[in-house]
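All chains are named by letter (A, B, ...) in the order of the sequence lines, taking the proteins before the strands, and each is independently numbered beginning at 1.
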2 protein chains.
Amino acid sequence: MARKSAEVRREEILAATVEEIEATGLRTLRVADVAERLGLSASLVIYHFATKEALVAAAFDHAGRNDLDHARNLAAGTGSARERLSEVIGWYMPAGSTRSWKIWIDGWSAGLFDEDLKSTFSALDRDWKTILADLIVEGIGSGEVASRGDEAGAQSADGFAEACATRILAYLDGLAVQLLFNSDSVSQEKLRAWVGEFLTSELD
Amino acid sequence: MARKSAEVRREEILAATVEEIEATGLRTLRVADVAERLGLSASLVIYHFATKEALVAAAFDHAGRNDLDHARNLAAGTGSARERLSEVIGWYMPAGSTRSWKIWIDGWSAGLFDEDLKSTFSALDRDWKTILADLIVEGIGSGEVASRGDEAGAQSADGFAEACATRILAYLDGLAVQLLFNSDSVSQEKLRAWVGEFLTSELD
DNA sequence: AATTTAACTGAATCGCCATTCAGTAACGCG
DNA sequence: CGCGTTACTGAATGGCGATTCAGTTAAATT
């Protein structure tokens with residue numbers, strides 16, 4: 001039974017945990033299932049993470065950081081600020097990405113009554129906003145994006161970009177929920193078109 | 001120990017269940033807590049609902065129907081279609097309403113892996129869309145609302161209204177999530193203003 | 001090679017909580 | 001008033017699943 005260093009094993013377990021949550025939900029998550037997914041004993045999972053609660057918290061953080069890293073790569077790529085913005089948003093979008101939406105909805109619900117998880121999600125959300133807002137500011141600088149300076153409470157381009165990022169993420173989150181519960185009324189193409197229109201009305 | 005008819009008691013229990021979910025979340029819901037809230041025995045709750053699962057399903061349906069009834073009243077009120085639309089949306093909005101958002105996020109997460117709950121939520125969502133879409137169609141008829149007929153896949157006013165309702169609800173859902181996790185970046189006034197702008201760009 | 005360290009396991013333990021059950025008493029109805 | 005129905009209870013039961021623990025063995029260290 002090939003032994004691994006704690007660090008490597010922890011990563012494996014976190015990945016397996018995320019997969020398990022993705023597959024069957026937080027509600028029915030058992031540490032024995034996570035272990036079985038890797039052919040390990042449940043005790044080992046607890047050996048590495050002390051409690052199930054800590055495991056779950058670490059797993060969400062892990063998944064969130066991974067997604068953010070990917071997004072940061074896209075944001076640092078070549079192309080105009082507006083193009084990179086579209087790419088990042090395309091990655092966040094609830095369509096055609098490997099980014100899994102189920103776990104986040106599950107996570108939100110757990111975060112409602114768990115302060116630790118809640119702050120994890122707040123932090124992830126802030127990071128997403130920062131990525132978007134930076135690109136928007138860059139776009140304003142290069143003239144690709146028209147800052148609607150008339151907005152109440154947004155004196156600066158930074159303020160506008162931040163608010164704009166918040167609205168975009170909110171819309172994407174909401175569309176994800178629609179997609180999960182009413183895939184009848186929201187096809188992937190419609191979704192893509194709607195997001196495009198929303199971005200136009202926000203940025204152009 | 002004042003007895004009540006099954007119907008009355010069931011209503012009480014459903015209300016208490018909703019309150020309990022609202023207060024501490026689905027994850028930690030115990031039937032004993034619901035019972036205690038009413039000064040009853042846990043057995044009685046099971047007597048009336050057979051299983052905890054059935055209780056939860058009934059409670060979500062109950063809460064959803066209540067909200068919808070209220071919304072239908074607003075939609076049937078006096079005033080222009082556009083005004084009534086605003087009222088209905090104001091009621092759905094995650095700000096200042098008694099409508100509780102926490103339970104819906106909890107519900108979404110449970111619905112992800114429970115087909116019964118999922119269809120309950122789909123049905124509720126469809127009803128909300130119908131209310132909004134009807135008002136939009138009415139508004140188009142009276143000229144208060146400008147139908148963007150250029151939309152792909154929306155040949156008729158009905159198609160436009162339906163899609164429009166979907167987008168509005170998505171945006172509201174997403175803003176609710178933002179409000180719950182980042183109340184720093186989303187005040188109630190901002191939220192109200194943003195929704196107003198969104199409606200303008202969708203309808204005017 | 002011997003010894004220490006650290007990953008790892010299987011078999012208990014242990015608490016929690018939905019559900020069951022056998023019985024009690026309030027209400028309606030003749 | 002008696003009698004059946006039905007709301008209601010408290011004390012078991014039973015299963016599930018996280019966590020513990022005493023030990024086992026693979027790697028690292030010397």
Participant: At a heavy-atom distance below 4.0 Å, what parts of residues 112-121 of chain A sit against DNA chain C?
Facilitator: none
Participant: Looking at A:Tyr47, I'd like to know whether one of its side-chain N or O atoms comes within less than 4.0 Å of OP1 or OP2 on C:dA7.
Facilitator: yes
Participant: What's the CZ-C1' distance between A:Arg9 and C:dT9, to the nearest Å?
Facilitator: 12 Å
Participant: Judged by atom type as modelled, is there a donor-acceptor pair below 3.5 Å linking the side chain of B:Ser183 to the main-chain atoms of B:Leu180?
Facilitator: no
Participant: Assess whether a salt bridge exists between A:Glu189 and A:Arg192, defined as any Lys/Arg side-chain N lying under 4.0 Å from an Asp/Glu carboxylate O.
Facilitator: no
Participant: Write down the protein N/O and nucleotide N/O pairs, taken from nucleotides 11-14 of chain C, whose separation is under 3.5 Å; answer none if there are no such pairs.
Facilitator:
none

Participant: Rounded to whole angstroms, how far apart are CZ on A:Arg3 and P on C:dA7?
Facilitator: 8 Å
Participant: Taking only distance into account, with no hydrogens and no angle test, what donor-acceptor pairs under 3.5 Å do side-chain atoms of residues 109-123 of chain A form with protein atoms, sequence neighbours excluded?
Facilitator:
{"unit_1": "A:Ser109", "atom_1": "OG", "unit_2": "B:Asp106", "atom_2": "OD1", "d": "3.1"}
{"unit_1": "A:Ser109", "atom_1": "OG", "unit_2": "B:Ser109", "atom_2": "OG", "d": "3.2"}
{"unit_1": "A:Asp114", "atom_1": "OD1", "unit_2": "A:Asp116", "atom_2": "N", "d": "2.9"}
{"unit_1": "A:Asp114", "atom_1": "OD1", "unit_2": "A:Leu117", "atom_2": "N", "d": "3.0"}
{"unit_1": "A:Ser119", "atom_1": "OG", "unit_2": "A:Glu115", "atom_2": "O", "d": "3.3"}
{"unit_1": "A:Ser119", "atom_1": "OG", "unit_2": "A:Asp116", "atom_2": "O", "d": "2.9"}
{"unit_1": "A:Thr120", "atom_1": "OG1", "unit_2": "A:Asp116", "atom_2": "O", "d": "3.1"}
{"unit_1": "A:Ser122", "atom_1": "OG", "unit_2": "A:Lys118", "atom_2": "O", "d": "3.1"}
{"unit_1": "A:Ser122", "atom_1": "OG", "unit_2": "B:Phe181", "atom_2": "O", "d": "2.8"}

Participant: If we ignore hydrogens and angles and just use 3.5 Å, is the side chain of A:Glu197 paired with the main-chain N or O of A:Trp194 as donor and acceptor?
Facilitator: no
Participant: Nearest-Å distance, CD (A:Glu12) to C1' (C:dA7)?
Facilitator: 13 Å
Participant: For residues 53-71 of chain B, which side-chain donor-acceptor pairs fall under 3.5 Å, sequence neighbours excluded?
Facilitator:
{"unit_1": "B:Arg65", "atom_1": "NH1", "unit_2": "B:Asp127", "atom_2": "OD2", "d": "2.9"}
{"unit_1": "B:Asp67", "atom_1": "OD2", "unit_2": "B:Arg99", "atom_2": "NH1", "d": "2.8"}

Participant: How close or far is atom C1' of D:dT24 from atom CG of A:Leu44, stated in whole angstroms?
Facilitator: 14 Å
Participant: Polar atom pairs between nucleotides 15-17 of chain C and protein, under 3.5 Å, N or O only, would you list them?
Facilitator:
{"unit_1": "C:dC17", "atom_1": "OP2", "unit_2": "B:Arg30", "atom_2": "NH1", "d": "3.3"}

Participant: What nucleic acid atoms does A:Thr51 come within less than 4.0 Å of, heavy atoms only: base, sugar-phosphate, or nothing?
Facilitator: sugar-phosphate
Participant: Tell me the side chain to side chain donor-acceptor pair (under 3.5 Å) pairs involving residues 35-47 of chain B, sequence neighbours left out?
Facilitator: B:Glu19-B:Arg37, B:Glu20-B:Arg37
Participant: In Å, rounded to the nearest 0.5 Å, how long is the span from CD1 of B:Ile168 to NZ of B:Lys129?
Facilitator: 11.5 Å
Participant: With distance as the sole test, does A:Lys4 use its side chain to make a donor-acceptor pair with the main-chain N or O of A:Glu12 at under 3.5 Å?
Facilitator: no
Participant: Take atom CD1 of A:Ile46 and atom P of D:dT19, then tell me their distance rounded to the nearest Å.
Facilitator: 4 Å
Participant: Suppose we call two aromatic rings close when their centres sit under 6.0 Å apart. Are A:Trp101 and A:Tyr92 close by that rule?
Facilitator: yes
Participant: Rounded to whole angstroms, how far apart are CZ on A:Phe49 and P on D:dT20?
Facilitator: 16 Å
Participant: In whole angstrom, what separates A:Glu20's CD from D:dG17's P?
Facilitator: 12 Å
Participant: Could you walk me through whether B:Ser5 and B:Glu7 satisfy the side-chain hydrogen bond (donor to acceptor under 3.5 Å, both in side chains) test, starting with their C-alpha distance in whole Å, then the side-chain angles of each, then the deciding distance to 0.1 Å, before giving a yes or no?
Facilitator: CA-CA 5 Å; B:Ser5 74; B:Glu7 198 188 0; 5.2 Å; no
Participant: When the distance from CG of A:Leu38 to C1' of C:dA7 is rounded to whole Å, what number comes out?
Facilitator: 14 Å
Participant: Using modelled atom types and a 3.5 Å cut-off, is there a donor and acceptor pairing between side-chain atoms of B:Arg84 and backbone atoms of B:Ala75?
Facilitator: yes
Participant: Tell me whether the side-chain N/O atoms of B:His48 come closer than 4.0 Å to OP1 or OP2 in D:dC8.
Facilitator: yes
